[in-house]
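On a predicted model such as this, the values are computed, not experimentally measured, just so you know. These numbers come from the heavy atoms of this one structure, side chains and all, not from hydrogens, waters or symmetry mates.
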Amino acid sequence: FILLLPIILIEFIFKGLAKLFKRRNKAFGDKEFYESLSIEKVDIMDGVEFEKFLKRLFIYKGFAVSETARTGDFGADLLLRKDGRTYVVQAKRYNNNVGAKALQEIYSARAHYKADFMIVVTNAHFTRQAEVMAEEQNIELIDREELIGLISEIKETLKEDMTKELLSQIEAETEHRLEDNYKYRI
């Protein structure tokens with residue numbers, strides 16, 4: 001028994017870590033997020049759902065993301081951090097074009113949050129006035145076409161990750177079965 005104790009402990013630790021990893025992935029909802037990755041799904045989201053969707057999208061792009069308060073957010077919905085830089089994001093899930101007002105809001109948010117960069121994301125398009133203002137104020141605009149591109153990029157990455165995870169689970173199960181079969185043959 002004393003000789004088997006270290007082996008039992010190691011197996012217990014690995015099984016515990018595997019369960020924790022599965023639970024974390026399940027809580028994070030990769031499959032559900034993957035299924036929501038389409039512009040058609042975005043078009044039927046409400047504003048809060050769109051913000052949460054963008055939060056996940058930016059996390060997959062490697063950003064640390066935090067949400068601002070629902071009210072009194074000073075014009076920003078999300079704060080992004082990456083490589084020592086801070087970004088403020090205004091999310092606009094609209095049926096019509098986004099005008100200059102959204103850019104004025106994100107401009108004030110930049111000062112409040114002491115951000116380095118400003119981004120306005122929409123599932124629609126921007127008015128010409130908004131495009132001019134964005135160029136003058138150095139505000140990044142992500143319109144419908146760019147959002148579709150981001151969605152496609154993240155969807156492909158997720159597809160690869162989920163395939164790798166599934167293959168590794170199959171390999172682990174196969175290895176476990178082989179070990180079980182070997183144990184019973186001895």
Participant: Please report the C-alpha distance between L141 and V121 in whole Å, then the side-chain angles of each, then the deciding distance to 0.1 Å, and finally whether the side-chain contact (heavy atoms from CB on, under 4.5 Å) criterion is met.
Facilitator: CA-CA 6 Å; L141 300 180; V121 185; over 6 Å; no
Participant: Ignoring hydrogens, what is the shortest heavy-atom contact between K92 and V120? Give both atom names and the distance.
Facilitator: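 The pair with the smallest heavy-atom distance is CG-CG1, 4.4 Å.
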Participant: Given 3.5 Å as the limit, does a donor-acceptor pair link the side chain of R93 with the main chain of N123, or not?
Facilitator: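 Answer holds: no.
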Participant: May I have the step-by-step check of side-chain contact (heavy atoms from CB on, under 4.5 Å) for T127 and N97, ending in yes or no?
Facilitator: CA-CA 6 Å; T127 62; N97 291 342; 3.9 Å; yes
Participant: Sub-3.5 Å donor-acceptor pair from the side chain of E156 to the main-chain atoms of E153, do we have one?
Facilitator: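 A pair under 3.5 Å: no.
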Participant: Between I148 and M45, is there a shared hydrophobic cluster once you connect ILVMFWY residues whose side-chain heavy atoms come closer than 4.5 Å?
Facilitator: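 Same cluster.
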Participant: Before accepting this row, confirm whether a basic side-chain N of the pair D43/R144 lies closer than 4.0 Å to the acidic partner's carboxylate O.
Facilitator: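 Answer for the salt bridge query: yes.
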Participant: If I compare all heavy atoms of V98 with all of Y94, which pair ends up nearest, and what's the gap?
Facilitator: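 In this case the closest contact between V98 and Y94 is CG2-CD2, 3.6 Å.
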Participant: Can you measure from CD (E136) to CE (M133) and round to the nearest 0.5 angstrom?
Facilitator: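 Between E136 CD and M133 CE, I get 8.0 Å after rounding to 0.5 Å.
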Participant: S66 versus R81: any side-chain heavy-atom pair under 4.5 Å?
Facilitator: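 They are in side-chain contact.
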Participant: Should Y87 and M118 count as side-chain neighbours, where that means a heavy-atom distance under 4.5 Å?
Facilitator: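 With C-beta onward as the side chain, the pair stays apart.
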Participant: Counting only heavy atoms not in N138 (residues, nucleotides, ligands), do more than 12 fall under 6.0 Å from its CG?
Facilitator: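 It does not: N138 CG has 12 such atoms or fewer within range.
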Participant: Taking Q90 as the fixed residue, which of E105, Q104, E51 is the one that meets the side chain to side chain contact (heavy atoms under 4.5 Å, CB included) rule?
Facilitator: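 Of the listed options, the one satisfying the test is E105.
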Participant: Going by an N to O cut-off under 4.0 Å, is there a salt bridge joining K41 and E35?
Facilitator: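 Here K41 does not pair with E35 in a salt bridge, since their nearest N and O are not under 4.0 Å apart.
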Participant: Counting C-beta onward and ignoring hydrogens, is there a side-chain heavy-atom pair between T86 and L80 closer than 4.5 Å?
Facilitator: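 Contact flag for T86/L80 side chains = no.
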Participant: Within a strict 4.5 Å, meaning less than it, do heavy atoms of the Y60 and T157 side chains meet?
Facilitator: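 No, side chains not in contact.
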Participant: Can you find a pair of side-chain heavy atoms, one from V65 and one from L54, that are under 4.5 Å apart?
Facilitator: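 Side-chain contact under 4.5 Å: no.
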Participant: Nearest 0.5 Å, what's the CZ-CG distance between F58 and L79?
Facilitator: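 Between F58 CZ and L79 CG, I get 11.5 Å after rounding to 0.5 Å.
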Participant: Taking the six-membered ring for Trp, are H112 and F74 parallel (under 30°), tilted (30 to 60°) or perpendicular (over 60°)?
Facilitator: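 Taking F74 first and then H112, their aromatic rings lie parallel (interplane angle under 30°).
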Participant: Any idea which heavy atoms bring F53 and V42 closest together, and the distance?
Facilitator: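 Smallest interatomic distance, heavy atoms only, reads CE2-CG2, 3.6 Å.
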Participant: Is any side-chain heavy atom of E67 closer than 4.5 Å to a side-chain heavy atom of K52?
Facilitator: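 Touching, per the 4.5 Å side-chain cut-off.
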Participant: Step by step, would you call I106 with I139 a side-chain contact (heavy atoms from CB on, under 4.5 Å)?
Facilitator: CA-CA 8 Å; I106 199 68; I139 300 170; 4.0 Å; yes
Participant: Would you find more than 12 non-hydrogen atoms of other residues, nucleotides or ligands less than 6.0 Å from K61 atom NZ?
Facilitator: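 No.
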Participant: Can you tell me if CD on E146 sees more than 12 non-hydrogen neighbours from other groups inside 6.0 Å?
Facilitator: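 Atom CD in E146 is crowded, with more than 12 foreign heavy atoms closer than 6.0 Å.
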Participant: Tell me whether I39 shares a hydrophobic cluster with L158, the cluster being built from Ile, Leu, Val, Met, Phe, Trp, Tyr side chains joined at under 4.5 Å.
Facilitator: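 Yes, I39 and L158 fall within the same hydrophobic cluster.
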Participant: Are any side-chain N or O atoms of D143 and backbone N or O atoms of E145, one a donor and one an acceptor, separated by less than 3.5 Å?
Facilitator: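 Yes, the answer is positive, given that a donor and an acceptor are paired below the 3.5 Å cut-off.
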Participant: Just do the salt bridge (charged side-chain N to carboxylate O under 4.0 Å, His left out) check on E131 and R128 with the steps written out, would you?
Facilitator: CA-CA 5 Å; E131 290 171 347; R128 182 68 188 129; 3.3 Å; yes
Participant: Is there a side-chain contact between I142 and L150, using heavy atoms and a 4.5 Å cut-off?
Facilitator: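 Sidechains of L150 and I142: in contact.
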Participant: Under a 4.5 Å cut-off applied to non-hydrogen side-chain atoms, are I154 and L37 in contact?
Facilitator: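 Counting from C-beta outward, I154 and L37 do come under 4.5 Å.
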Participant: Hey, is OH on Y107 packed in by over 12 heavy atoms from elsewhere, all under 6.0 Å?
Facilitator: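 Result for OH/Y107: open.
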Participant: Minimum heavy-atom separation for V88 and A109, please, with both atom names.
Facilitator: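 Heavy-atom minimum between the residues: CG1-O, 4.1 Å.
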